[in-house]
Structure formats: C-alpha cells, structure tokens
Amino acid sequence: MERAAIKVYNTMTRQKEEFVPRDGNRIGIYVCGVTPYSHTHLGHARPNVIWDVVKKFLRSQGYETYHVQNFTDIDDKIIARANEQGVAPLELAQEFIDEYLASMDALGVERADVYPRVSQHIPEIIALVEELVAKGYAYAANGSVFFDVSSFPGYGKLSNQKRDELLEGTRFEVDPAKRDAADFALWKAAKRGEPAWDSPWGPGRPGWHIECSAMSHKYLGCAFDFHGGGSDLIFPHHENEIAQSEAATGEQLARFWVHNGMLNFQDEKMSKSLGNFVTVQDLAKRYPKELLRYYILSTHYRSELEYYEGKLEEMSRGWKRLNQAVTNLEALLRSPDLRRDVSAEDEKALARIGEIQEGIVQALADDFNTAQALGLLFDLVREVNAYSNQDIQPSQIVLEKAEAVFQKYARDILGIVQGKAASGESSLVEPLMGLMLEIRQELRASKNFALADKIRDRLQEMGVTVEDTPRGPRWKIEGVSSDAEL
RNA sequence: GGCGGCAUAGCCAAGUGGUAAGGCAGAGCUCUGCAAAAGCUCCAUCCCCAGUUCGAAUCUGGGUGCCGCCUCCA
C-alpha cells in the first residue's frame with residue numbers, strides 16, 4: 001500500500017522530523033504510565049486516547065506497533081497512602097491499576113501490549129544500577145545509590161537545562177549523602193516500615209526514574225521509536241532516563257520524544273496533587289466515550305486543553321451532528337431503491353469525498369493533527385447531507401464511499417462516532433414503531449394533524465424522536481447505541 | 001532566577017511565506033401542515049511595536065500577557 005510520509009515533532013530537536021521506523025515495519029512505543037496511588041483522571045485520559053489514535057493510524061498505514069506502558073507501583077506516595085489506610089502498598093497499587101485499566105476500557109482505548117511493573121522487575125533494575133556503578137556513572141552512599149550527573153556530558157540535552165543553573169531557586173532539601181545536589185537516586189536505602197528488597201547495597205527499593213530505563217530496555221531495546229508522556233515529565237523524569245540508559249548502553253534511548261500538553265481545569269493543570277481532578281470513571285458514567293474522545297481530539301495533542309463543567313455539553317452539539325450524519329447515511333444505505341449507476345454529478349461527489357479522505361490522512365500524518373482531521377470530517381458531513389437531500393435518488397456507490405471514510409477514520413481510528421446501532425435488537429421495537437408511524441402517516445394524509453402531533457409528542461416524551469423527511473418519517477431513540485445517555 | 005511553550009472571531013480551534021479550515025453560538029433564507037433535521041448565505045486580517053520580503057497570522061528583534069517544568073505529577 002502507499003504510505004503517507006509521517007512527520008512527528010521531536011522534543012529532543014524541537015522540530016518536526018520525518019519518521020521512519022527503526023526496524024522496517026515494526027514500531028516500538030514506550031509511554032510513561034502512572035504511579036497508581038490515586039484515581040485515574042481526565043488528565044491521564046489524554047495521552048492514552050492520543051496514543052490509541054496514533055497506534056491505530058500507524059497500523060492503518062501498514063505498520064505494526066508494539067506498545068509498552070509501565071506502572072510505577074513502588075513509590076513514596078503509594079507507601080504513604082497505604083500506611084494511612086493500613087493496607088499493603090502493592091495492594092493499594094493493584095486497586096488503582098485495576099481502576100486505571102477499567103478507565104481506559106471505558107474510553108475505548110486499546111490495551112498496551114505489555115504493562116510492566118516495577119515490583120516485578122527488581123532484578124533487572126538492580127543489574128542496571130550495578131552496571132552504572134561499575135562504569136563509574138553512579139556511586140553508593142549510606143545504602144543508597146546516586147547517579148553522578150557530572151559524569152554524563154549529555155545531561156540536560158532534552159530539557160535544555162544547564163547543570164550549573166539547575167539548583168538555583170529550588171525549594172527542596174538536598175539529601176546530604178549526595179555529592180552534588182543535582183544527583184538523583186537510583187536506589188533508595190530502606191527506612192523502617194517501608195517495603196524493601198535485598199541488594200548489593202543492603203535492603204532498599206528503586207528510585208523513581210530507573211524503572212523506565214530498565215523496563216524500556218528489556219521490552220524494546222535501544223533506540224526504540226517513540227517515547228511518550230506528558231510534557232510535565234520532560235524534566236526531570238525523561239532527562240534522567242536518558243542519562244541512565246545512555247550511560248549504561250552507550251546508545252540512544254529513544255529516537256522520537258513525544259510529549260502531550262497538559263489538561264487544565266480552571267486554568268490550572270489537573271493533577272492528583274492539586275486535587276482538582278475529575279475521574280474518568282465519573283465522566284464515563286455521564287457521557288458517551290466517543291464524545292469524550294471527540295473532546296480530547298479536538299485540540300492538537302501538544303497544545304493545552306481546557307476542561308470545565310459544561311464543556312462536554314458544549315462539545316456535544318457538534319458531535320451529535322457528526323454522529324447523526326453517519327447514522328442517517330447508514331440508514332439511507334439500507335433503503336432498497338438506491339441508484340446503482342454513477343452520473344457526472346456522482347463523479348464529482350466521489351472526487352470530493354476522495355479529496356477529503358486524502359486530507360484526513362495527510363492531517364494525521366502531519367504530527368497526528370486530529371483537530372484538522374476533525375475539520376475535514378465535518379466537511380464530509382456537509383457534503384453527505386447535501387448530497388442526500390437532493391431531489392434525485394442518491395447513488396449507492398457515492399454513499400458507500402462516504403460511509404467507508406466515516407467508518408475508517410471517525411469510527412475505527414479516532415473513535416468519535418458511535419457504533420452501528422445494534423441490528424436486530426429488541427424484537428418488537430422495530431415492527432411496533434413501523435406500525436405506529438404507518439398509522440401516523442395515514443392521519444397526516446387525512447389532515448388529522450392534532451392526533452399525528454400527539455403521537456409524535458408522546459413518543460418524544462418516551463425518548464423517541466420522530467422526524468418527517470421528504471423520504472418519509474425517521475425515528476431514533478436517544479443514546480440507543482451508547483453506554484450512557486446524554 | 002533558569003529552561004520550554006503559547007497568544008487567531010462571542011467561545012473552541014486548524015493553519016509556519018502567497019493573501020484566514022472546521023465546530024459551537026448568533027442573524028437571514030430554503031424545505032415543511034407544524035415541528036425537527038438538513039442545506040444555503042452572512043459573521044475575524046490573526047496581542048502590541050519595529051524590521052526582513054514583491055508578499056507575513058506565518059521569518060527576525062523588542063515588548064506585554066498567560067501556561068508548564070526546575071518538588072510528586074500524564
């Protein structure tokens with residue numbers, strides 16, 4: 001198949017670069033996951049939905065993807081919270097991991113290929129720390145091991161930080177065991193009451209960044225294709241990962257660094273520590289997942305995205321029009337008397353649909369510009385609605401072509417249009433509605449509008465909308481094909 | 001204090017040198033028994049100043065404002 005040239009913005013070089021996979025068709029992706037000590041919120045949903053779309057798009061272009069996402073299930077915050085609640089830290093982590101995965105399912109996000117956890121990779125982590133010590137990049141002190149930042153010349157290359165200026169204006173207390181304040185822990189000596197593992201330096205546990213170096217290397221090797229995460233991870237997390245990994249292997253950690261913008265709530269970053277979050281579980285109960293994705297994808301992934309109460313309701317108006325267009329198109333496609341030929345007018349329509357499709361591919365290939373793709377999808381909405389409203393009978397060929405574009409991009413890749421209404425559902429509804437509308441048509445024909453309107457009103461009260469179109473009446477039940485009603 | 005990023009209509013949001021996509025809201029119109037849906041038309045010169053250029057929202061310099069990171073964070 002013909003592939004579009006894919007360009008991706010690389011945080012490392014601060015520009016868009018053409019992307020070619022490391023190994024032919026196979027694309028290795030590592031996206032930083034979460035520290036599961038609290039609820040999964042909308043801010044977490046963003047990178048997941050974005051990468052879900054990226055993966056699906058890349059596959060539609062004929063690539064294979066291998067996606068790794070970690071869980072940092074050993075961490076100060078987990079331990080602190082577990083102690084508060086009197087449960088085991090790993091138990092607490094498991095609880096939030098379950099919620100996290102359920103949240104992603106609720107958003108229609110495809111699972112990663114592997115979800116490695118720190119607690120299950122202690123030997124790999126210890127081996128990596130030992131290697132760094134042996135190579136002179138790290139030193140042990142008081143049962144802990146620190147990375148010696150001065151030993152790695154490239155330190156700061158991702159975030160553009162200068163080592164001398166790093167500590168200016170910092171607000172935290174420096175561990176006295178460190179030789180330099182900028183050094184960071186690879187291994188932390190155990191304190192009482194904390195989970196600990198045996199190591200060459202005594203009982204302890206991994207520092208924050210080391211797990212990503214150990215696990216990305218285990219599952220993806222060196223210089224894998226994409227390393228992703230929120231822009232808040234650029235420093236220190238990703239900078240430190242680079243130092244650890246590249247010092248140990250002598251090779252590049254990842255080829256493309258892809259960072260998504262923050263999701264703001266009332267002009268502030270939504271985050272667990274600020275407590276200003278809305279959980280995915282809660283949102284998924286209130287809104288269809290396709291609407292949530294539509295909202296997230298309506299802005300380019302590198303920009304900030306604003307959330308506020310009522311935002312989804314605002315978004316839903318346009319989103320409904322898109323969905324309705326697809327639903328109507330599919331209903332029309334089922335009607336028996338479509339033209340099978342292709343007129344000169346049809347050729348023009350086919351050409352326009354083809355242009356739109358090509359535009360969507362180009363938009364997604366250009367740094368995954370979902371916002372632009374959405375705009376094009378609305379062009380298609382208008383095209384299709386206008387075409388279907390013509391006096392002449394529409395051509396099946398044209399409708400099928402448009403439907404295929406909606407199916408592939410709006411449904412399969414972006415996931416912003418609801419699935420086809422479950423056909424054959426509820427045995428009686430179809431024929432009963434058919435009968436009802438048939439009678440109502442007869443009432444209208446005999447100008448008994450009062451009764452005809454009463455039927456329509458009463459049905460509306462029950463949640464069934466009836467629309468009289470030039471091609472006969474049409475009915476729909478709100479949210480019939482969704483998990484939640486709007 | 002250091003390092004990034006952003007600033008486009010009432011709101012949201014694409015567009016990185018060639019004369020402003022798209023969505024929501026608003027106004028008018030068409031279709032319609034009515035309603036709904038849909039379609040059509042209208043609705044901005046791109047934070048400010050100074051440059052470069054035949055030509056800039058797009059490049060350069062200087063302002064102003066906002067956000068993120070430098071502490072856990074997607």
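Every value quoted in this text rests on a predicted model; they were computed, and no experiment measured them. Heavy atoms only: backbone and side chains are in, while hydrogens, waters and symmetry mates are out. Naming: A, B, ... by sequence-line order, numbering from 1 per chain.
- B:rC46 and B:rA20 are spaced 12 Å apart, taking the P atom of each and rounding to whole Å.
- For A:K269 and B:rA74, the shortest distance from a side-chain N or O to OP1 or OP2 is not below 4.0 Å.
- Counting non-hydrogen atoms under 4.0 angstrom, A:H237 reaches nothing in the nucleic acid.
- Taking atom CG of A:D367 as the reference point, atom P of B:rU16 lies 11 Å away to the nearest angstrom.
- Heavy atoms of other residues, nucleotides or ligands lying less than 6.0 angstrom from NZ of A:K191 number 12 at most.
- With both ends at atom P, the span from B:rC48 to B:rA9 equals 10 Å, rounded to whole Å.
- The base-pairing partner of B:rU45, taking Watson-Crick or G-U wobble contacts with both distances under 3.5 Å, does not exist among the strands shown.
- Remark: C1' of B:rC3 and NE2 of A:H238 are 17 Å apart, rounded to the nearest angstrom.
- In this structure, A:N385 reaches the sugar-phosphate backbone alone: every heavy-atom distance under 4.0 Å involves primed, P, OP1 or OP2 atoms, never a base.
- Cation-pi geometry between A:R444 and A:F449 is not satisfied (NZ or CZ under 6.0 Å from the ring centre, within 45° of the ring normal).
- In this structure, of B:rC11, B:rA74, B:rC24, it is B:rC11 that holds the atom nearest to the side chain of A:Y308.
- Nucleic acid contact for A:Y294: sugar-phosphate only, since backbone atoms but no base atoms lie under 4.0 Å from a heavy atom of the residue.
- Comparing the C1' positions of B:rU16 and B:rA57 gives a spacing of 9 Å, expressed to the nearest Å.
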Inset, instruction - Begin from the C-alpha positions of A:V31 and A:F226 and carry the test side chain to side chain contact (heavy atoms under 4.5 Å, CB included) through to its verdict. - result: CA-CA 8 Å; A:V31 181; A:F226 290 120; over 6 Å; no
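- When the C1' atom is used for both B:rG10 and B:rU64, the distance is 23 Å, rounded to whole Å.
- To the nearest whole angstrom, the two P atoms, one in B:rA21 and one in B:rC42, are 12 Å apart.
- Within the 4.0 angstrom heavy-atom criterion, only backbone atoms of the sugar-phosphate kind lie near A:S303; the bases stay farther away.
- With hydrogens and angles ignored, no donor-acceptor pair under 3.5 angstrom links the side chain of A:N389 to the base of B:rC31.
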Legend entry - Derivation and outcome, side-chain hydrogen bond (donor to acceptor under 3.5 Å, both in side chains), residues A:H238 and A:H259: CA-CA 10 Å; A:H238 289 161; A:H259 292 100; 2.8 Å; yes
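- Side-chain atoms of A:F265 and A:S271, non-hydrogen and from C-beta on, never get closer than 4.5 Å to each other.
- One N or O on the side chain of A:S213 and one on the backbone of A:E241 form a donor-acceptor pair closer than 3.5 Å.
- A:R117 places no side-chain N or O within donor-acceptor distance of the main-chain N or O of A:T72, the cut-off being under 3.5 Å.
- With hydrogens and angles ignored, no donor-acceptor pair closer than 3.5 Å exists between the side chain of A:N369 and the base of B:rG15.
- Pair check for B:rC66 finds B:rG5; Watson-Crick or G-U wobble, both atom distances under 3.5 Å.
- Among the heavy atoms of the strands lying under 4.0 Å from A:K77 is at least one base atom, whether or not backbone atoms are also near.
- Within residues 373-382 of chain A, the residues approaching RNA chain B are A:G375, A:F378, A:D379, A:R382, by heavy-atom distance under 4.0 Å.
- Side-chain contact between A:Q69 and A:V114: absent, with no pair of heavy atoms (C-beta onward) separated by less than 4.5 Å.
- Among the protein residues, A:K311 comes within range of the sugar-phosphate backbone only, with heavy atoms under 4.0 Å from sugar or phosphate atoms but none that close to a base.
- When the P atom of B:rC11 is taken as reference, atom CG of A:L305 falls 17 Å away, rounded to whole Å.
- Pair assignment for B:rG17 gives none, since no Watson-Crick or G-U wobble pairing has each distance under 3.5 Å.
- Residue A:G156 is out of contact with every strand shown, counting any heavy-atom pair closer than 4.0 Å.
- The gap from the C1' atom of B:rG17 to that of B:rC59 amounts to 8 Å, rounded to the nearest Å.
- Across the protein-nucleic acid pair, A:Q15 atom CD and B:rC59 atom P stand 14 Å apart, rounded to whole Å.
- Among the atoms of the strands shown, base atoms are found under 4.0 Å from some heavy atom of A:M270.
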Inset, instruction - Heavy atoms under 4.0 Å is the rule here; annotate nucleotides 4-9 of chain B 5' to 3' with B where the base is hit, S where only the sugar-phosphate is, and - elsewhere. - result: SS----
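- Straight-line distance from the CG atom of A:L312 to the P atom of B:rC12: 16 Å, rounded to whole Å.
- Residue A:Y301 contributes atom OH, which lies 19 Å from atom P of B:rA74 at whole-angstrom precision.
- Taken residue by residue, residues 47-55 of chain A places heavy atoms nearer than 4.0 Å to RNA chain B at A:P47.
- Residue contacts for A:T11: at a heavy-atom cut-off of 4.0 Å it reaches no nucleic acid atom on any strand shown.
- Salt bridge status for A:R286 with A:E309: present, with a side-chain N to carboxylate O gap under 4.0 Å.
- Taking a pair to require two hydrogen-bonding distances under 3.5 Å in either a Watson-Crick or a G-U wobble arrangement, B:rU53 remains unpaired.
- The closest side-chain heavy-atom distance from A:L333 to A:E403 is below 4.5 Å.
- Nucleic acid contact class of A:T299 (heavy atoms, under 4.0 Å, all strands): sugar-phosphate only.
- A salt bridge does not link A:E304 with A:R46: every distance from a Lys NZ or Arg NE/NH1/NH2 to an Asp or Glu carboxylate oxygen is 4.0 Å or more.
- When both distances must be under 3.5 Å, the Watson-Crick or G-U wobble mate of B:rC29 is B:rG39.
- Side chain of A:D225 to main chain of A:G28: a donor-acceptor pair is present (N/O by atom type, distance under 3.5 Å, no hydrogens or angles).
- Look at B:rG10: its Watson-Crick or wobble partner, with both distances under 3.5 angstrom, is B:rC24.
- Of all nucleotides listed (B:rG23, B:rA74, B:rA13), B:rA74 comes nearest to the side chain of A:H44.
- Distance CG (A:D468) to C1' (B:rA38): 14 Å, rounded to an integer number of Å.
- A:G43 comes within contact range of at least one nucleobase, with a heavy-atom separation under 4.0 Å.
- Considering only side-chain atoms of A:D232, the nucleotide from B:rG39, B:rA74, B:rC72 that sits closest is B:rA74.
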Inset, instruction - Evaluate the side-chain hydrogen bond (donor to acceptor under 3.5 Å, both in side chains) criterion for residues A:N369 and A:Y301: first the C-alpha distance (whole Å), next the side-chain angles of each, then the deciding distance (0.1 Å), finally the verdict. - result: CA-CA 8 Å; A:N369 196 334; A:Y301 76 87; over 6 Å; no
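- The residues A:E110 and A:K56 are annotated as not salt-bridged, no charged nitrogen and carboxylate oxygen being separated by less than 4.0 angstrom.
- Among the heavy atoms of the strands lying under 4.0 Å from A:S273 is at least one base atom, whether or not backbone atoms are also near.
- Across B:rG23, B:rG68, B:rA36, the shortest atom-to-atom separation from the side chain of A:R321 is found for B:rG23.
- Rounded to whole Å, atom P of B:rG22 lies 15 Å from atom CZ of A:R352.
- A side-chain contact (heavy atoms from CB on, under 4.5 Å) with A:V466 is found for exactly one of A:M436, A:Q460, A:R440, namely A:R440.
- Spacing of P atoms, B:rA44 relative to B:rC66, comes out at 29 Å, to the nearest Å.
- Under 3.5 Å, the side chain of A:R456 and the base of B:rA35 form at least one donor-acceptor pair of N or O atoms.
- With respect to the salt-bridge test (charged N to carboxylate O, under 4.0 angstrom), the residues A:K348 and A:E345 qualify.
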